[in-house]
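What follows is a short report on a single structure.
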Amino acid sequence: MSPTNKTSTNSVKAPPTHIAIVMDGNGRWAKSRGLPRSSGHQKGVKSVRTIVKHCAKIGVNTLTLFAFSSENMNRPSEEVGLLFKLFFTVLRNETKKLKDNNIKLDIIGDLSVFTPETQDLAENAQQQLQNNTGLNLVIAANYGGQWDITEAAKKIAAKAAKGEINPGSIDNKVFSVHTALAQYPRVDLLIRTSGEVRVSNFLLWDIAYSELYFCDTLWPDFDANSLVLAINNFHSRNRRFGERNGEK
Ligand code: IPE
Ligand code: IPE
Ligand code: MG
C-alpha cells in the first residue's frame with residue numbers, strides 16, 4: 001500500500017451499522033508467493049480475526065462475511081475438503097475467543113453439505129454465543145444469494161399452501177422476514193477485495209441500497225487500515241435511496 005493511502009485507524013467516528021465482505025484473493029496471494037492455496041486460506045483466517053476484532057472495537061453492529069459460496073463446491077475436491085476442514089478448525093478454536101469478546105455468531109447457508117460433526121459444532125457455537133450483546137458476526141458458508149431468495153420463496157409458498165399467508169399480502173417486508181439476514185439491520189456497505197468487480201452470488205436481496213466498495217487488496221493483506229479506508233470512502237458517499245439528496 002502506498003504511504004498516501006495510510007490512514008490512522010483511530011479516525012473512524014460512526015461506522016456503518018452493517019458491513020458485508022466478499023473475502024476474495026486467498027489463492028492469488030498464495031500463488032504470488034509460490035505457496036500452496038492452503039497457505040492463502042490460512043492467512044485469510046488471520047485477516048478474519050483482525051477485521052472481526054476491529055469491527056467489534058469500533059462498534060459495528062453486524063459484520064457478514066462470505067466464507068464459502070455455493071459455487072465454491074464446484075472447485076476440486078481437494079480444495080473443498082481443505083476449506084471444510086478449515087471451517088471446522090476455526091469453529092472449534094475460535095468460539096471461546098468470540099465469547100470472551102461478547103460477539104454473537106450466526107452461520108447462514110445450506111449447512112447440509114458439512115459433516116455432522118461440523119454441523120454440531122456450528123450449532124453449539126451459535127448457542128454458546130447467543131446471549132452475547134456485542135458485534136453480530138454472520139458467516140455465510142455454502143451460501144448463495146439465489147439460494148437465500150429461493151429458500152424464502154419456499155417458506156412463503158408453504159405458509160400460503162397452509163393458509164397462513166394470503167398471497168395477495170406478500171410484499172417486500174413479508175419477503176424480507178423469510179430471508180437469512182431478516183433479523184439484522186440493512187447492509188450499509190458491501191466490500192469486495194482482490195480487484196474483482198462482481199457480487200458472485202453473495203447477498204442479492206440485501207444489497208438493494210448498499211454502498212459497494214471494491215479494492216485491489218487481496219484478502220490475506222486486508223487489515224484494519226484497509227477497513228478504515230473502506231469506511232472513510234463509505235462516509236464520503238451521498239446516500240439518496242431514490243429520494244432527493246437524502247431529504248426526508
Ligand atoms: C477466496 O479466495 C476464498 C474462497 C473463495 C473460499 P479464493 O480462493 O477465491 O482466491 P482467488 O480468488 O483464487 O485468488
Ligand atoms: C466469492 O469468491 C466467494 C467467496 C469469497 C467466499 P470467488 O472467488 O468464489 O468468486 P469468483 O469465482 O471470482 O466469481
Ligand atoms: Mg476468488
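Counting starts at 1 for both ligands and their atoms, in listed order. Note: hydrogens, waters and symmetry copies are ignored here, and every other heavy atom, side chains too, is used.
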For the residue pair Ser39 / Arg33, report whether a side-chain donor-acceptor contact shorter than 3.5 Å exists. no
Logged contact type for Phe68 with ligand 2, heavy-atom cut-off 4.0 Å, is backbone
the protein heavy atom lying closest to atom 4 (C) of ligand 2 turns out to be Phe66 CD2, 3.9 Å
Would you tell me whether Tyr184 and Asp206 have side-chain atoms, one donor and one acceptor, within less than 3.5 Å of each other?
no
Going by the 4.0 angstrom heavy-atom rule, the piece of Leu218 near ligand 1 is neither
Tightest non-hydrogen contact, residues Leu129 and Ile103, listed as CB-O, 3.6 Å
If we number the atoms of ligand 2 from 1 as shown, the ones under 4.0 Å from a heavy atom of Asn72 are 3 (C), 6 (C), 9 (O)
Note: heavy atom closest to atom 2 (O) of ligand 2, options Arg75, Met23, Arg192, belongs to Arg192
Quiz item: Would you say Asn26 has any N or O atom under 3.5 Å from an N or O of ligand 1, going by distance alone?
Solution: yes
With Trp29 as partner, the option from Thr217, Asp221, Thr193, Asp24 fulfilling side-chain hydrogen bond (donor to acceptor under 3.5 Å, both in side chains) is Asp221
Below 30° counts as parallel, above 60° as perpendicular, anything between as tilted: where do the rings of Phe175 and Trp205 land?
tilted
_Ring-plane angle category for Tyr143 and Phe66, please: parallel below 30°, perpendicular beyond 60°, tilted otherwise._
perpendicular
*asked:* Between Asp24 and the Mg ion (ligand 3), is there a contact where an N/O/S atom of the residue lies under 2.8 Å from the metal?
replied: yes
- Item | Contact with ligand 2 for Arg198, non-hydrogen, under 4.0 angstrom | yes
Val22 heavy atoms within 4.0 Å reach ligand 2 at atoms 1 (C), 5 (C)
Heavy-atom proximity to atom 13 (O) of ligand 1 ranks first, among Arg37, Lys31, His41, for Arg37
Self-check item: Centroid-centroid distance, Phe88 to Phe114, less than 6.0 Å
Solution: no
Per-atom filter on ligand 2: closer than 4.0 angstrom to a heavy atom of Asp24 are 2 (O), 8 (O)
of all protein heavy atoms, closest to atom 11 (P) of ligand 2 is Ser200 OG, 3.6 Å
A student checking ligand 1 against Arg28 at a 4.0 Å heavy-atom cut-off should list atoms 11 (P), 12 (O), 14 (O)
Any heavy atom of Ala67 under 4.0 Å from ligand 2? The part involved is backbone
(Q) Just checking Glu78: does its CD atom have more than 12 heavy atoms from other residues, nucleotides or ligands closer to it than 6.0 angstrom? (A) no
Counting heavy atoms under 4.0 Å, the part of Ser194 that contacts ligand 1 is neither
Practice item. Decide yes or no on side chain to side chain contact (heavy atoms under 4.5 Å, CB included) for Met23 and Ser47, but give the supporting numbers first. Key: CA-CA 9 Å; Met23 309 182 291; Ser47 296; over 6 Å; no
Kindly assign one of parallel, tilted or perpendicular to the pair Trp219 and Phe222, based on the angle between their ring planes and the thresholds 30° and 60°. parallel
Atom 10 (O) of ligand 1 sits nearest the protein heavy atom Gly27 N, 2.8 Å
